[in-house]
Amino acid sequence: MKNVLVELPIWATTLNIDWVPEVTYRDHLLEMGDAKSSYSKEWLTLPQIFADTVVEQASLFWGEYGLNPEYKPEIINCWSNRHGKGGWTDWHNHAQCDLAAVWYCKFKEGNGNLVFRNPLDIYQSSETRYDEPLITVPIQEKDLIIFPSFLLHKTEVNELDDERIIVSMNLEGRKRD
C-alpha cells in the first residue's frame with residue numbers, strides 16, 4: 001500500500017486581466033543577463049480587481065494547502081520583473097512570508113518557464129532512483145502560480161527577442177475579523 005507522507009501542492013490558474021505594469025526597472029542581484037526588476041521599498045500598486053482576484057485564488061489555495069483557517073492571505077508586497085532575450089531570475093525563495101505568487105502578464109512560449117527545486121533534494125540525492133531535483137512548470141500568458149514561499153525557484157532563460165514580464169507577490173496570513 002502506497003501512502004503520501006509529504007504532499008506539496010502549488011496552485012495554477014489563469015487570470016484574464018489585461019494589465020501590464022508601467023514601472024521603472026533597475027538592476028537587481030537576482031536578475032541575470034538582460035533582466036531588471038522594480039523590486040524596492042516602493043511596492044508596485046496593483047489594480048483593485050487584480051489584487052482581489054489574486055487574494056481570492058490565494059484563499060482557495062490557503063485552504064487546500066491546509067494553512068490555519070483562522071487566518072486569510074493578504075498581499076504584503078509586490079513588484080515586476082522584465083526579462084529580455086538571455087534574461088532570467090536566479091535561485092531564491094520568499095521565506096519571509098507564507099505564500100508567494102507570480103503572474104505572467106506578458107509571455108510567449110520560449111520566454112522560459114518557472115523551475116522549482118525539489119525541497120527533499122538534499123535528503124533524496126543519495127537514493128539510487130533519484131536523479132532529477134528540478135521540477136519545471138510550463139507557463140502560458142496570464143498564468144497565476146501560487147506556492148509555498150520556502151520553495152527554491154528560478155526562471156529559465158528567455159530565448160526569444162520578445163520580453164517576459166511578470167508580477168511577483170508575497171502573501172501573509174492575517175487574522176480574520
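Quantities reported herein were computed from a predicted structural model and do not represent experimental measurements.
Going from atom CD1 of I135 over to atom CG of L8 covers 8.0 Å, rounded to the nearest 0.5 Å. To the nearest 0.5 Å, atoms CZ (R176) and OG (S59) are separated by 6.0 Å. We find the CG-OH distance between L144 and Y104 to be 10.0 Å, quoted to the nearest 0.5 Å. Annotation: the span from L151 atom CG to R117 atom CZ amounts to 12.0 Å, rounded to 0.5 Å. How far CZ of R164 is from NZ of K108: 14.0 Å, rounded to the nearest 0.5 Å.
Using a 30° and 60° split on the angle between ring planes, F50 and W19 fall in the tilted class, from 30° to 60°.
Using a 4.0 Å cut-off between charged nitrogen and carboxylate oxygen, D90 and K154 do not count as a salt-bridge pair.
Contact between M169 and C78 at its shortest, heavy atoms only, is CG-CB, 3.6 Å. The shortest heavy-atom contact between A101 and I146 is CB-CG1, 3.9 Å. Summarising the geometry of L99 relative to F61, their closest heavy-atom pair is CD2-CE2, 3.5 Å, with the distance given to 0.1 Å.
A heavy-atom distance below 4.5 Å is not found between the side chains of S37 and L30.
The backbone N or O of G87 lies less than 3.5 Å from no partner atom in the side chain of D34, so there is not a single donor-acceptor pair. At distances below 3.5 Å, at least one donor-acceptor pair connects side-chain atoms of H153 with backbone N or O atoms of H92. Put simply, the side chain of N111 gets close to the backbone of D162: a donor and an acceptor are under 3.5 Å apart. With hydrogens and angles disregarded, a donor-acceptor distance shorter than 3.5 Å links the side chain of S80 to the backbone of I166. Between the E172 side chain and the C97 main chain, no donor and acceptor come within less than 3.5 Å of each other. Side chain of E141 to main chain of F107: a donor-acceptor pair is present (N/O by atom type, distance under 3.5 Å, no hydrogens or angles).
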Please list every donor-acceptor pair under 3.5 Å in which a side-chain atom of residues 69-77 meets a protein atom from a residue at least two apart or in another chain.
residue	atom	partner	partner atom	Å
E70	OE1	K175	NZ	2.8
N77	OD1	N170	ND2	2.8

Donor-acceptor pairs are to be reported for all side-chain atoms of residues 39-49 against protein atoms at under 3.5 Å, with residues two or more places apart or in another chain.
residue	atom	partner	partner atom	Å
S40	OG	E42	N	3.1
S40	OG	E42	O	3.2
Q48	NE2	D52	OD1	2.8

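Within a 6.0 Å sphere centred on NZ of K142, other residues, nucleotides and ligands contribute more than 12 heavy atoms.
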